[in-house]
Protein chains: 2
Amino acid sequence: MPAKTSGSRSSAAVEDYLERILELINTKGYARVVDIATSLRISQASVTNMVQRLDAEGLLKYEKYRGLVLTIAGETLARNIARRHELLSEFLQLLGLDQRVIDHDVEGMEHHISPATLRAIEALTDQLRRRPALLARLQGAAS
Amino acid sequence: MPAKTSGSRSSAAVEDYLERILELINTKGYARVVDIATSLRISQASVTNMVQRLDAEGLLKYEKYRGLVLTIAGETLARNIARRHELLSEFLQLLGLDQRVIDHDVEGMEHHISPATLRAIEALTDQLRRRPALLARLQGAAS
DNA sequence: TCCCTGATTTAGGCATGGCTAAGTTAGTTA
DNA sequence: TAACTAACTTAGCCATGCCTAAATCAGGGA
């Protein structure tokens, strides 16, 4: 079986891991198993398992007991996932929703949004930002 | 353990079943195992399994080899799920997205949208409908 | 250097929600 | 009414991803 690189859809779990790993690397400079586990609120054992799988899929380089780094493919994917997360989050913020609701909904939705839909939401967000009157009207309706 | 009625979050799978069952009942007058299976593109055995579970959860009444009907709780829930699906679908249609993309994304997202977010999107949809100029600008960007 | 401890890994399970194969049921048809 | 067949159910299995408990590793201090 050839190494799976850009093909083969990533699962929601894989996307969550990559997103957190990139975030940890960006903020702390590295991503240890214990940090990933804490951040995702899952056990360290589960993280070890998934990290081995991500290594097998070529999304990161992993050395037992030592640590891990994202591959180019993994980092590119992680960046796209992070960007999607941010765009959705900004869109919902514009609608005046509570940040906890936003975090919950984005976490659930983000794995199911196709590129075309994301582009459309991005364009909509841009337009909404320029229409404060419209926004004011919307934010009255939110929780 | 008391019968679980309105409490306890439904899984995405449960929501998908209820949505299809209501749709079948509305269009054909009944929902047989074989119809549900075909509609959801899963095996009849899987449907039997889930239908028994939905019966145990009080969302429908099921008689072996005979058929099923939604309970009040099940129908209410199914209607809410269907409405959420429609609202999301209409919103994405307004953005000018391809119907196949819409179907795919809504199916994925719908189970993760909270009531507050749904209300906000509903309000946004209402406002967008009144602004053809804005819509025209958006639909240029979509695939 | 030896040991202690926190970090990590392995082993073995569990729940969800799919599947196929092998029966069972019941309505239709001859 | 007997049998055929489509619909349905049961039994047993699989993958994904999570878990806990029990090793194992590695770095720092005595």
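Lettering follows sequence order; numbering is per chain, from 1.
For A:Q52 and C:dT10, the shortest distance from a side-chain N or O to OP1 or OP2 is below 4.0 Å. For B:T48 and D:dT10, the shortest distance from a side-chain N or O to OP1 or OP2 is not below 4.0 Å. Residue A:K64 places no side-chain N or O under 4.0 Å from the OP1 or OP2 atom of D:dA26. Contact annotation: B:Y17 side-chain N/O to C:dG18 OP1/OP2 distance is under 4.0 Å.
Between the CG atom of A:D55 and the C1' atom of C:dT9 there is a distance of 14 Å, given to the nearest Å. Regarding B:M50, its CE atom lies at a distance of 16 Å from the P atom of D:dT10, rounded to whole Å. Following rounding to the nearest Å, B:I36 (CD1) and D:dC8 (P) show an atom-to-atom distance of 8 Å. As rounded to whole Å, 9 Å separates atom P of C:dG17 from atom CD of B:E57. Taking atom CG on A:L54 and atom C1' on D:dT16, their separation rounds to 13 Å, with Å as the unit. We find that CD1 of B:I42 is positioned 16 Å from C1' of D:dA15, with the value rounded to whole Å. Remark: P of C:dT9 and CZ of A:R32 are 12 Å apart, rounded to the nearest angstrom. Rounded to whole Å, the distance from CD on B:Q44 to P on C:dG18 is 15 Å.
Candidate nucleotides D:dA7, C:dT25, C:dA7 were compared by shortest atom distance to the side chain of B:V34, and D:dA7 ranks first. Taking every side-chain heavy atom of A:A45 into account, C:dA11 is the closest of C:dT8, C:dA11, D:dC8. Side chain of B:A13, nearest nucleotide from C:dG18, D:dG17, D:dC18: C:dG18. Relative to the side chain of A:S43, the nucleotides C:dT10, D:dT20, D:dT10 differ in distance, and D:dT20 lies closest. Of the candidate nucleotides C:dG23, D:dG17, C:dT16, D:dG17 has the atom nearest to the side chain of A:R53.
Between the B:S10 side chain and the B:E15 main chain, no donor and acceptor come within less than 3.5 Å of each other. The closest donor-acceptor contact from the side chain of B:R84 to the backbone of B:L118 lies at 3.5 Å or more, if one exists at all. In terms of modelled atom types and a separation under 3.5 Å, the side chain of A:D105 and the main chain of B:S114 share a donor-acceptor contact.
Aromatic ring centres of A:H112 and B:H112: separated by under 6.0 Å.
Smallest separation of non-hydrogen atoms from A:R129 and A:P132: O-CD, 4.5 Å.
Nearest-nucleotide assignment on DNA chain D puts the 5′-proximal partner with A:N49, out of A:R66 and A:N49.
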